[in-house]
Amino acid sequence: MGWHVRNPNLRWPVTLPDSIREQPVVSVGRRAKYLLINLPAGALIVHLGMSGSLRIADPNAAPGKHDHVDLLFTPDTVLRYNDPRRFGSIHWQRNPVMEHPLLRALGPEPLGLEFDGAYLKRQARGRRVGVKNFIMDAHVVVGVGNIYANEALFLSGLRPTARAGRVTRAGYERLATAIRRVLGNAIAMGGTTLRDFVNSDGNPGYFQQSLYVYGRAGEPCRLCATPLKGIRTGQRASVFCPTCQAAGNFGGRDV
DNA sequence: ATAGTCACCTGAGCGC
DNA sequence: TGCGCTCAGGTGACTA
């Protein structure tokens with residue numbers, strides 16, 4: 001697989017070895033939010049950050065402003081990496097790929113078998129961090145970004161600031177279920193488009209129509225009409241319903 | 001080990 | 001029309 005780096009200044013400098021030019025793509029995969037383009041000797045690890053995208057392009061087409069990297073598959077097929085904010089990254093890792101520092105310490109996949117309420121309860125023992133920051137920690141579970149963390153906490157009736165170690169087993173059963181449900185629904189609806197996101201079909205997602213709390217601070221709760229409250233936790237916007245996510249409720253509730 | 005903060009970056013939105 | 005400011009977010013690095 002050939003490559004051409006136009007601007008190496010992504011989150012980390014992009015440095016790819018010439019040796020991979022000889023190698024065919026064997027398969028593609030994913031771990032957390034990292035895409036894995038597998039070659040015989042290792043893998044390209046690609047993260048799209050906040051604003052990245054990959055598009056098939058004609059190699060002769062003039063690159064756009066933020067088309068930083070081309071991955072060349074055939075003489076007339078290029079996969080073009082575009083990322084206005086450059087929060088994304090591209091690394092090469094020789095086998096075994098999971099030994100890469102970015103991958104080796106990641107928690108389980110939220111839609112996988114080992115992720116459930118018992119797992120979360122076990123991991124939360126003794127932790128004083130807020131439950132929202134806790135589930136956004138990739139060492140605990142991967143894939144739960146800010147939008148989906150807010151939504152999952154609403155669905156399980158837990159306040160974002162509830163100390164992780166105080167949430168009960170029942171609370172974590174609800175939360176694990178809510179995380180799987182939110183992610184599953186979002187995937188089924190093509191993702192969440194707040195501004196200009198388009199999914200791999202080139203279409204915007206429409207999960208944003210299903211949002212209960214994210215981006216709705218000050219607006220009425222869709223269940224009880226109480227004005228939603230916006231706060232900041234861990235430098236990120238958190239929104240919750242003071243009624244549906246009552247302070248001191250560590251067991252959650254079903255919505 | 002844990003918790004909290006900072007940094008990276010651009011484009012959109014807003015007030016003037 | 002333009003200028004400057006604020007905000008958004010994934011996640012590793014850093015500090016205490």
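Treat the numbers as computed from the prediction; the structure is a model and nothing was measured. What's counted below: heavy atoms across the whole structure, side chains too, no hydrogens, waters or symmetry copies.
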Out of B/dC9, C/dG12, C/dG10, which has the shortest distance to the side chain of A/R86?
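Within the option list, the nearest is B/dC9.
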Interatomic distance, [X] [atom1] vs [N] [atom2] [rounded to whole Å]:
X: A/M50; N: B/dT10; atom1: CE; atom2: P; answer: 14 Å
X: A/K33; N: C/dG12; atom1: NZ; atom2: C1'; answer: 14 Å
X: A/L10; N: B/dT10; atom1: CG; atom2: P; answer: 11 Å
X: A/F134; N: B/dA1; atom1: CZ; atom2: P; answer: 16 Å
X: A/R236; N: C/dG10; atom1: CZ; atom2: P; answer: 7 Å
X: A/M136; N: C/dG10; atom1: CE; atom2: C1'; answer: 8 Å
X: A/N9; N: B/dC8; atom1: CG; atom2: C1'; answer: 12 Å
X: A/Q235; N: B/dA3; atom1: CD; atom2: P; answer: 16 Å

Ignoring backbone atoms, establish whether [X] has a side-chain N or O less than 4.0 Å from OP1 or OP2 of [N].
X: A/K65; N: B/dT10; result: no
X: A/H47; N: C/dT11; result: yes
X: A/Y34; N: C/dG12; result: yes
X: A/R85; N: B/dC8; result: no
X: A/H66; N: B/dC9; result: no

Shortest non-hydrogen contact between A/V140 and A/Y119, atoms and distance:
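It is O-OH, 2.6 Å.
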Below 30° counts as parallel, above 60° as perpendicular, anything between as tilted: where do the rings of A/Y212 and A/F154 land?
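Parallel: the ring planes of A/Y212 and A/F154 meet at under 30°.
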Contacting residues from residues 114-133 of chain A, given that a heavy atom lies under 4.0 angstrom of DNA chain B
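Contacts with DNA chain B under 4.0 Å: A/R127, A/R128, A/V129.
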A/R232 near the nucleic acid: base, sugar-phosphate alone, or nothing, with a heavy-atom cut-off under 4.0 Å?
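A/R232: backbone/sugar contact only, no base atoms under 4.0 Å.
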Over all strands shown, is A/I147 touching base, sugar-phosphate only, or nothing at heavy-atom distances under 4.0 angstrom?
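No contact.
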Decide, applying a 5.5 Å centre-distance limit and a 30° plane-angle limit (both strict), whether A/F87 stacks on B/dC8.
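Stacked: centres under 5.5 Å apart, planes under 30°.
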Note, A/V78 side chain near A/W3 side chain (heavy atom, < 4.5 Å):
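The answer is no; the side chains never approach within 4.5 Å.
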Testing A/Y34, A/F87, A/Y81 for ring-ring contact (aromatic ring centres under 6.0 Å, His included) with A/H47, which one passes?
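Of the listed options, the one satisfying the test is A/Y34.
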Checking side-chain polar atoms at under 3.5 Å, does A/K65 have a donor or acceptor matched by the opposite partner on A/N82?
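Side chains of A/K65 and A/N82: no pair found under 3.5 Å.
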Using a strict threshold of under 4.0 Å (side-chain N to carboxylate O), is an ion pair present between A/E109 and A/R31?
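A/E109 and A/R31: salt-bridged.
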Any donor-acceptor pair under 3.5 Å linking the side chain of A/D70 with the backbone of A/H4?
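No; zero donor-acceptor contacts below 3.5 Å.
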